[in-house]
Amino acid sequence: MTSDSPVRVRFAPSPTGYLHVGGARTALFNWLFAKRHGGTMVLRIEDTDAARNTPAALAAIFDGLRWLGIDWQEGPEVGGDYGPYFQSQRNAIYDRYLQRLIDSGHVYDDQGAMRFRSPRVPVTVDDQVCGSITIDRSQEPDMTLRRPDGSYIFHFVNVVDDIEMRITHVLRGEDHLMNTPKHIELFQALGATVPVYAHIPLFLNQDGSKMSKRDQGASVASYQENGFLPAAVVNYLCLLGWSPKDGREKLSINEVIALFDWEHLNRSPSKFDYAKCLWLNSQYVAELPEAEYLEMAQAWAREKYPLLTDRAGFDLTAALQLMKPKLKQLPEVGEHLAMLFDDDLPMEEAGQIKVQGQAEAARNLRLLLAHLNETPAWTGEAIQASINATATEAKVKPGALMFPLRLLLTGATHGVDLLPALVLLGKSRVLARLTHRLNQLFS
RNA sequence: GACCUCUUCGUCCAGCGGUUAGGACACGGCACUUUCACUGCUGUAACACGGGUUCGAUUCCCGUAGAGGUCGCCA
């Protein structure tokens, strides 16, 4: 087909809402294909519907793509030889192409609108993902190219721009599959080479419904806001609808580029699995280099737990390092900090019930408190020794003391490694907190 | 309604005529951790249904059902 010409692909969003993960995935696959083949990625803004366009939506597209690391070699803010890259600025070009169609007799006037006279012969779409599809066009109404007010319709400008911008491969959502015969008719009427098409299946929610703005994980911005790492989101998006032959799941972007092909694109729609995306994110968080992690975690700590600045002498760095292996998402540092920092955090109810139900719990905890009070040096080893001594005296396993201790200390049933947390908090605070919550629990 | 696409564990993907149908997430168990988690091991769990073709179908063909998409002077 066009195997000898350089690959040129495009992502052509409309700035009418937010950047949907589905759109981002489409952009990503185009970008991957371009990278894989040393081609060019074009960003084209399809803003022909003046009434629906917003500057905020445009910004969301730029921000979202950049955050994910998807760049473009031609388009807004970077320029290129085939601009302008906003359709709203390309009317002269469209006028010229329309005139060509008028001259060749493909267009007629219908109450001021310009309509394309369909050849009404079957059109075959040779799709790289969906296969060869032949559509009967004989009953289809003629498409409108230009409204009476002079503004142009999507199908026409989309095709004109793909011709003008020398697009060789069109990779887009399956919602465009049935538009493709119309587009092919236009390419042919204009005497242009039809690009290679690949239509990728859409994303659905877990329940099979269409993903819309309110749904969890639907907008790219929501990942930014929730502290996801872009590399993790990109990795997850790559795996939805595509997979490498060897079944690996955690792949760097460069590994994906090296392997990406559309023979391995999936044909069926996939349901978005937020839990798996989260899991992948936790893998990336765990691998974050220390300095990078601390910088990000500190920012999230300030954002999610502003009270933090109130206490002097609190070793924030040590605390953040302690919680790193527990995090699925960076903003969770807020909850962990609350457990460490807040003396009056209400205890989890389930934990309270469990501890209150344990035989001798109050006695054992008072014993532990006494031992901790006598701990000479406040080190992990010494604290451990105190716990062991308590266990021996109370005739229980040391491990049995840990859950109640955790609850009294942090108010939670799970969290960071306990001994380092005790050390971090300091003896007097630990004792005060244990005493206080012990009284709350058994009064 | 018409047309198009799709249909393997709950979910995401492997599989492309002969497999004990594989991996990952989630879930359960065990081990490790004197706790929480991580990790390792392990368990439950799937070829939508009905016909063909074939010595043999999850895999090929035809139906049915279900899901999604498209039928604009939206993009």
Side-chain angles (χ1 to χ4, degrees), chain A residues 12-17 46-49 51-53 87 110-115 125 127 129-131 133-137 139-141 143-158 172-182 199 201-210 236 239-250 264 266-280 282-283 286 322-328 336 339 384 387-388 391 396-407 409-410 412-419 421-422:
Chain A
S14 295
T16 55
E46 306 218 327
D47 56 350
T48 53
D49 187 351
R52 296 205 304 153
N53 298 154
Q87 290 187 326
D110 177 14
Q111 301 178 86
M114 302 305 281
R115 300 181 81 115
V125 181
D127 192 275
V129 175
C130 303
I133 301 157
T134 300
I135 308 291
D136 174 21
R137 300 278 301 150
Q139 303 304 313
E140 297 302 313
M143 69 180 132
T144 301
L145 266 28
R146 195 183 68 181
R147 303 182 188 90
D149 69 2
S151 62
Y152 286 97
I153 298 294
F154 160 73
H155 304 293
F156 180 65
V157 296
N158 188 269
R172 66 206 337 184
E174 201 194 85
D175 50 339
H176 285 297
L177 186 58
M178 288 297 104
N179 289 152
T180 308
K182 295 180 189 175
H199 289 88
L202 276 16
F203 286 167
L204 304 174
N205 286 314
Q206 280 293 310
D207 64 1
S209 62
K210 198 171 160 182
Y236 180 69
L239 259 24
L240 230 39
W242 175 85
S243 62
K245 302 181 247 305
D246 59 16
R248 276 182 302 162
E249 298 207 306
K250 189 166 174 300
H264 290 83
N266 216 120
R267 290 152 220 276
S268 54
S270 30
K271 291 174 185 167
F272 199 87
D273 189 349
Y274 198 78
K276 187 153 185 179
C277 186
L278 213 49
W279 169 78
L280 208 45
S282 73
Q283 301 289 304
L322 193 58
M323 54 190 73
K324 184 182 178 192
K326 313 289 173 189
L327 302 175
K328 276 198 158 31
H336 282 105
M339 292 180 216
Q384 214 168 77
I387 292 172
N388 289 345
V396 296
K397 286 200 275 191
L401 296 170
M402 297 305 268
F403 182 84
L405 178 58
R406 176 183 294 283
L407 184 75
L409 192 73
T410 67
T413 55
H414 57 268
V416 298
D417 207 3
L418 212 43
L419 283 177
L422 284 162

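The basis for the numbers below is simple: all heavy atoms, side chains too, and nothing from hydrogens, waters or symmetry mates. Numbered from 1 within each chain, the chains take letters A, B, ... in sequence-line order.
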Residue matched to [N] through Watson-Crick or wobble contacts both under 3.5 angstrom:
N      : result
G18(B) : C55(B)
U34(B) : none
A24(B) : U11(B)
U5(B)  : A67(B)
A46(B) : none

Report, one pair per line, the protein and nucleotides 24-27 of chain B atoms (nitrogen or oxygen only) whose separation is under 3.5 Å.
residue	atom	partner	partner atom	Å
A24(B)	O4'	E249(A)	OE1	3.3
A24(B)	O2'	E249(A)	OE1	2.4
A24(B)	O2'	K276(A)	NZ	3.3
A24(B)	N3	K276(A)	NZ	2.9

Taking every non-hydrogen atom, the tightest pair across [X] and [Y]:
X       : Y       : value
M402(A) : L418(A) : O-CD2, 3.6 Å
V396(A) : A400(A) : CB-CB, 4.4 Å
A391(A) : K397(A) : CB-C, 4.1 Å
S243(A) : H264(A) : O-CB, 3.5 Å

Checking all strands, does [X] fall into the base, sugar-phosphate, or nothing category for heavy-atom contacts under 4.0 angstrom?
X       : result
G173(A) : nothing
Q139(A) : nothing
N388(A) : base
K397(A) : nothing
G415(A) : base
L240(A) : sugar-phosphate

Say whether, by atom type as modelled, one donor and one acceptor occur between the side chain of [X] and the main chain of [Y] under 3.5 angstrom.
X       : Y       : answer
R267(A) : V129(A) : yes
R52(A)  : D47(A)  : no
Y236(A) : D273(A) : yes

Could you give the [atom1]-to-[atom2] distance, from [X] to [N], as a whole number of Å?
X       : N      : atom1 : atom2 : answer
K245(A) : A14(B) : NZ    : P     : 12 Å
I133(A) : C6(B)  : CD1   : C1'   : 11 Å
L239(A) : C13(B) : CG    : C1'   : 7 Å
L278(A) : C12(B) : CG    : P     : 17 Å
F203(A) : C12(B) : CZ    : C1'   : 11 Å
H199(A) : C3(B)  : NE2   : P     : 20 Å
L419(A) : A37(B) : CG    : C1'   : 14 Å

Run the salt-bridge test on D246(A) and R248(A) with the 4.0 Å N-O cut-off and return the result as yes or no.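 Salt bridge: yes.
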[M] and [N], which share atom name [atom1], separated by this distance in whole Å:
N      : M      : atom1 : result
C9(B)  : G52(B) : C1'   : 28 Å
U8(B)  : A67(B) : P     : 14 Å
U44(B) : U11(B) : C1'   : 16 Å
G50(B) : U42(B) : C1'   : 38 Å
G22(B) : C16(B) : C1'   : 15 Å
G10(B) : A48(B) : P     : 11 Å
G15(B) : C32(B) : C1'   : 35 Å
C4(B)  : G43(B) : C1'   : 42 Å

Hey, which sits more toward the 5' end of RNA chain B by its nearest nucleotide, Y236(A) or K326(A)?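 Its nearest nucleotide lies further toward 5', so the answer is Y236(A).
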Nearest-nucleotide wise, let me know which of I387(A) and H264(A) is further upstream toward the 5' end of RNA chain B. H264(A)
Gap between atom CE of M114(A) and atom CG of L145(A) - 0.5 Å precision: 8.5 Å
Given the structure, check if the side chain of D417(A) and the base of U33(B) hold any donor-acceptor pair shorter than 3.5 Å.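 No, the side chain and the base share no sub-3.5 Å donor-acceptor pair.
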So, does the side chain of R267(A) form a donor-acceptor pair with the base of U5(B) at under 3.5 Å? no
Under 4.0 Å protein heavy-atom contacts per nucleotide of nucleotides 57-75 of chain B, with B for base, S for backbone only and - for none: -----------BBS--BBB
Pairwise side-chain contact, E249(A) with K276(A), heavy-atom cut-off 4.5 Å (strictly under): yes
Side chains of R147(A) and T48(A): do they bring a donor and an acceptor to under 3.5 Å? no
With sequence neighbours left out, what residues match Q384(A) under side chain to side chain contact (heavy atoms under 4.5 Å, CB included)?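 By the side chain to side chain contact (heavy atoms under 4.5 Å, CB included) rule, Q384(A) matches L419(A).
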